[in-house]
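Here's the structure we're looking at; comments come further down.
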Amino acid sequence: MTKKLLLIDGNSIAFKAFYALYTAMDKFTNPSGLHTSAIYGFNRMLDKVLDDEQPTDVLVAFDAGKVTFRTKMFADYKGGRAKTPTELSEQFPFIKELVNDRGIATYELPDYEADDIIGTLAKQAEDSGDYEVVIVTGDRDLTQLTSDKTTVQVSKKGVTELETYTPKHVEEKLGVKPSQIIEIKGLKGDNSDNYPGVEKVGDKTALKLIQQFGTIDNLYQNIDDVSGKKLKEHLIQDEDQARRAHKLATINREAPITISLADLNYKGDDIDKLTDFYERMGFKSFLAKLSVDDNDHSEDQSKIEYTVLTKDNLSELDQFKDEVSFHLEMSEENYHISPLIGFAVGQGDHWYVTNQPELLKDPHVSRLLTSETVKKNLFDAKRTFVGLYRQSIILKNVDFDMLLVSYLLNTTNNSNDVGTVAHLHGFYNIKTDEEVYGKGAKRQIDAQSPEFLAHIVHKAKAIDQLHDDMFKDLDEHNQTTLYRDIEIKIAFVLAKMEINGIKVDAGTLEAMGSKFKERIAEIQQTIYQEAGEEFNIGSPKQLGKILFEKLRLPILKKTKTGYSTSVDVLEKLAPDAPIVQNVLDYRQIAKLQSTYIDGLLKVIHKDDGKVHTRYLQTLTQTGRLSSVDPNLQNIPIRTEEGRLIRQAFVPTQPGWQIFSSDYSQIELRVLASITGDQNMQEAFKEGEDIHATTARRIFGLPSNEAVTPELRRQAKAVNFGIVYGISDFGLSQNTGITRKQAHQFIERYFEEYPGVKKYMDDIVKFARNHRYVETIAHRRRYLPDINSKSFNLRSFAERTAMNTPIQGSAADIIKIAMINMNEAIKDMKTKMLLQVHDELIFEVPNDELETVKKLIPSVMDSAIKLDVPLKVESHWGKTWYDAK
DNA sequence: CCGGTCACG
DNA sequence: ACGTACGTGACCGGC
């Protein structure tokens, strides 16, 4: 056996691929509107099996048409099947083209199905004695072909997950030999192929009979041995059907094929044709793979020319006068503490690289980086700025930040990896960090290796190569101003805030922690007594058992994995059993302890007693920031116990104040402005309480009548709902009113605020036409699901279309305010410390307090001119807690 | 590594 | 009929 023959059932794999990607179908269309999901899935399968099996010979067999010897034998064979969707049938010619471009033969034969071609060739191969055979299909019936020389791989969930059937595996799984599969099918028939077997015989009976008799022939010869009178009657009655089903299920292994084993030689990818094909299909990831594989052969990665920097050649860097690409490599994610492990710098064909970060301090290097005249192109300006700042180098004149530009062009699929982003924009001669360094536990960076140096040169080079194109794309999106006036500027403002950090008093946290610890222990004991046993309260699974099985509390909601024990459920159950309230209390305090006491203590820097968060500037889909290590945007405030955590956040100097200013209802003001709704604008212009006004309007109260707190609360919920892209169900869930009521409220709302209604309709239409929506500052979010056939995906996209311009414009506004703020306070001792979406937090010396009380709100409310005023409220105190 | 839960706007 | 509020991050338990 010197050869390995791979036989692929083209139709069934195409079907599987199509339905595996069914819900994502609309994400897979090429520029000319062709659906490509099945082509894509098919190719993924090809990649996997070619790689796993390393075959010498390959064939993809297809069905030739609807009419086959089976339909001639039984007219209804495969009858009643839904017509193949056009979204799939249009892809078949391209799948065949793909297969050919990959150097693989295809074949189809009138009157026969792909199964028969495969069966026939497998038999020929087995008989010749030269071959090992592997069959890949989505149809489990083909497992009848397994033998000691042939294995059958059946696709499971997707198309790349395959289950391998050997004769042994068939017996274990199905309880019969491979050859007996057709005997089973003879008896039970096949619903999907629409032919009957014997009445009342299904899987179990068929299996039992075949295990007893071996074959249908033998069964009928010994029909008197069948136990069960009815069963015997059915068998006798339906003998013809059983024999016909047996024939239909049997793969023809003697089909009159006009192709021979010698024609199946696997030639491998035709790179040129395949490149062209992938480009037409818009398959960027496959293009990337193609070029990486290609590079592996040509050793392109190591062929790049670069000079290793040494003390003696540093002066060569003086050649860069106008522009340079620079990449600073770090070994860890957290750039506040990560070691620097190398850098690459250069332009065009001149590249320099080193694994000695101390060379950064050499004047030839630092002069370049701090120069106001030499433009820098890089990836992640904030990270680079902080890394260099730690070496006392102040990075200046960043022109192109590839990470930021990529994020603005398309927030989805953005990545922190240079290689990944480069691939996304059509530049493939670079590997990803994962490919070079490994991932998870296996990740390891060998900074001494030539591969390392080559890799970071490739990063710098990718940045250099892509910056013109990406700037052009930015311009086409009308996003150059967004980039230059907002995003690149805020990167440095954020860097400064992160470096500055905020002081957290460890003593305060520890004192609170020991109190919490006692409370937790107390509540824990009480819960154990109430439960009558000890268990892990933190485990929803164990807790569910206690509450819903042992104590028999009513099950109000379930999750995918079991009983739901979330707050809303437990709150409803609390009156039924005291243990429930205790669990709620336990949860709350355990959360405070683990996330906020222990969690924060872990990240206080020893040298300065501060925490230095990192704002992720290129993560959210709306343009907001997020905050990690630690997250300082979700410090408790809603409950008094949690709010106490804020007492630990203190100014750096004794006697200073923590000063906080927040935009009041910024999202609703943005809504009023961009919808142009006159009624809502009037409310804000008149300085009214918007929730009360909304309540008056939708509940039809006279203007002199006071709005009850309950009605105001409901109106507030509706206002929120509108911002989120409302549905009556969502509103009813969130407020406890009925769905019908919710529906009425929404209708009333749209009557009172017709501009809002029109905007919501228009923005969804816009999204359908353009497949994206944008904010005031032209921040863009693509909504690939907006025309999806799936109700769920489409509805989600519609809500997103309504919400993103509002949430995103609010994000634009506070970013502008922060940039202006940075200027406004640059000569003061006051420092901007944190941003929490609609609020800014500062530390302020007492002698500047009177100044900032006016200055900070005025900078914030003048960030942008809307059709309604922006309102800012300020609070201050000796800790963050006291700034209320 | 994922799902449940809960902290924030 | 479908089964839903928008945007995040950290921790825990359990696979």
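Just so it is clear: chains get the letters A, B, ... in the order the sequence lines come, proteins before strands, and each one is counted from 1.
Among the protein residues, A/Asp629 comes within range of the sugar-phosphate backbone only, with heavy atoms under 4.0 Å from sugar or phosphate atoms but none that close to a base. Using a 4.0 Å heavy-atom distance criterion, A/Gln542 is classed as a sugar-phosphate-only contact. Residue A/Thr565 is in sugar-phosphate contact alone, with no base atom involved, counting any heavy-atom pair closer than 4.0 Å across all strands shown. Within 4.0 Å (heavy atoms only), A/Gln588 reaches sugar-phosphate atoms of the nucleic acid but no base atom. Residue contacts for A/Gly725: at a heavy-atom cut-off of 4.0 Å it reaches no nucleic acid atom on any strand shown. If you check every strand for non-hydrogen atoms under 4.0 Å, A/Ala801 touches nothing. Residue-level contact check: A/Asn734 touches the bases, meaning some heavy atom is under 4.0 Å from a base atom. Among the atoms of the strands shown, none is found under 4.0 Å from any heavy atom of A/Asp598. Residue contacts for A/Ile635: at a heavy-atom cut-off of 4.0 Å it reaches the sugar-phosphate backbone alone, with no base atom in range. Within the 4.0 angstrom heavy-atom criterion, only backbone atoms of the sugar-phosphate kind lie near A/Leu616; the bases stay farther away. Across all strands, A/Leu619 comes closer than 4.0 Å only to sugar-phosphate atoms, never to a base (heavy-atom distances). A/Ser795 comes within 4.0 angstrom of no nucleic acid atom, judged by non-hydrogen atoms across all strands. Nucleic acid contact class of A/Asn634 (heavy atoms, under 4.0 Å, all strands): base. Heavy atoms of A/Val723 sit nowhere under 4.0 angstrom from any nucleic acid atom.
Here, C/dA5 and B/dG4 have their P atoms 13 Å apart, quoted to the whole Å. Taking atom P in both C/dT4 and B/dG3, one finds a spacing of 15 Å when rounded to whole Å. Distance noted for atom P between B/dC6 and C/dG3: 25 Å (whole Å).
The side chain of A/Tyr596 has B/dA7 as its nearest neighbour among C/dC6, B/dA7, C/dC12. With C/dC12, B/dC6, B/dG3 as the candidates, the nucleotide lying closest to the side chain of A/Thr561 is B/dG3. For A/Lys591, the side-chain atoms get nearest to B/dC6 when compared with the rest of C/dA5, B/dC6, C/dC6. In this structure, of C/dA5, C/dG3, C/dT4, it is C/dG3 that holds the atom nearest to the side chain of A/Phe791. Residue A/Val628 has its side chain nearest to C/dA10 when only C/dG13, C/dC15, C/dA10 are considered. For A/Ser727, taking side-chain heavy atoms from C-beta onward, the closest of the listed nucleotides C/dG14, C/dG7, C/dT4 is C/dT4. Looking at the side chain of A/Leu731, the nearest of the listed nucleotides B/dC6, C/dG14, C/dA5 is C/dA5.
Using a cutoff of 4.0 Å between basic side-chain nitrogens and carboxylate oxygens, A/Glu434 and A/Arg443 are not scored as salt-bridged.
With a 4.5 Å cut-off on side-chain heavy atoms, A/Leu840 and A/Ile856 do not count as touching. Side-chain contact between A/Ile658 and A/Tyr881: absent, with no pair of heavy atoms (C-beta onward) separated by less than 4.5 Å.
When the side-chain nitrogen and oxygen atoms of A/Ser566 are compared with OP1 and OP2 of B/dG4, none of them lie within a distance under 4.0 Å. For B/dG4, neither phosphate oxygen OP1 nor OP2 lies less than 4.0 angstrom from any side-chain nitrogen or oxygen of A/Ser564. In this model, the phosphate group of B/dA7 is not approached by any side-chain N or O of A/Arg587 to a distance below 4.0 Å at OP1 or OP2. An OP1 or OP2 oxygen of C/dG13 is reached within less than 4.0 angstrom by a side-chain nitrogen or oxygen of A/Asn536. Distances shorter than 4.0 Å separate some side-chain N or O of A/Arg799 from OP1 or OP2 on C/dC6. The side chain of A/Lys560 contributes no N or O atom lying less than 4.0 Å from OP1 or OP2 of B/dC2.
The nucleotide B/dC2 finds its pairing partner in C/dG13, both defining distances of the Watson-Crick or G-U wobble pair being shorter than 3.5 Å. In this structure C/dC2 sits in no base pair that meets the Watson-Crick or G-U test at under 3.5 Å.
One interatomic measurement links the two molecules: CG of A/Leu793 to P of C/dG3, which rounds to 12 Å at whole-angstrom precision. Rounded to whole angstrom, the span from the CD atom of A/Gln733 across to the P atom of C/dT4 amounts to 10 Å. The CD atom of A/Gln617 sits 15 Å away from the P atom of C/dT8 (whole-angstrom rounding). The nearest whole Å value for the distance from the CG atom in A/Leu547 to the P atom in B/dT5 is 12 Å. In this structure, A/Tyr615 places its OH atom 13 Å from P of C/dG9, rounding to the nearest Å. Counting to the nearest Å, the P atom of B/dG4 and the NZ atom of A/Lys557 are 10 Å from each other. In this structure, A/Tyr724 places its OH atom 11 Å from C1' of C/dT8, rounding to the nearest Å. As rounded to whole Å, 17 Å separates atom P of C/dG7 from atom CG of A/Asn414.
For the side chain to side chain contact (heavy atoms under 4.5 Å, CB included) with A/Val583, the qualifying choice from A/Leu543, A/Leu573, A/Ile546, A/Ile523 is A/Leu543, the only one to do so.
For the pair A/Arg383 and A/Tyr335, the NZ or CZ position fails the cation-pi test of under 6.0 Å to the six-membered ring centre and within 45 degrees of the ring normal.
With DNA chain C read from its 5' end, the first of the two nearest nucleotides for A/Arg739 and A/Thr800 is the one closest to A/Arg739.
Under the 30°/60° scheme for interplanar angles, the aromatic rings of A/His770 and A/Tyr772 are found to stand perpendicular. Relative ring orientation between A/Trp876 and A/Phe659 is described as parallel, the plane-to-plane angle staying below 30° on a 0-90° scale split at 30° and 60°.
Counting distance only, with no hydrogens placed and no angle test, the side-chain atoms of A/Arg638 and the base atoms of B/dG9 include a donor-acceptor pair under 3.5 Å. Judged by distance alone with a 3.5 Å cut-off, a donor-acceptor contact links the side chain of A/Gln807 to the base of C/dC6. A donor and an acceptor atom never sit less than 3.5 Å apart when one is taken from the side chain of A/Ser626 and the other from the base of C/dT8.
Counting heavy atoms of neighbouring residues, nucleotides and ligands inside a 6.0 Å radius, atom NE2 of A/His875 exceeds 12 of them.
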Worked check of salt bridge (Lys or Arg N to Asp or Glu O under 4.0 Å) between A/Glu498 and A/Lys382: CA-CA 10 Å; A/Glu498 293 177 13; A/Lys382 181 154 67 70; 2.7 Å; yes
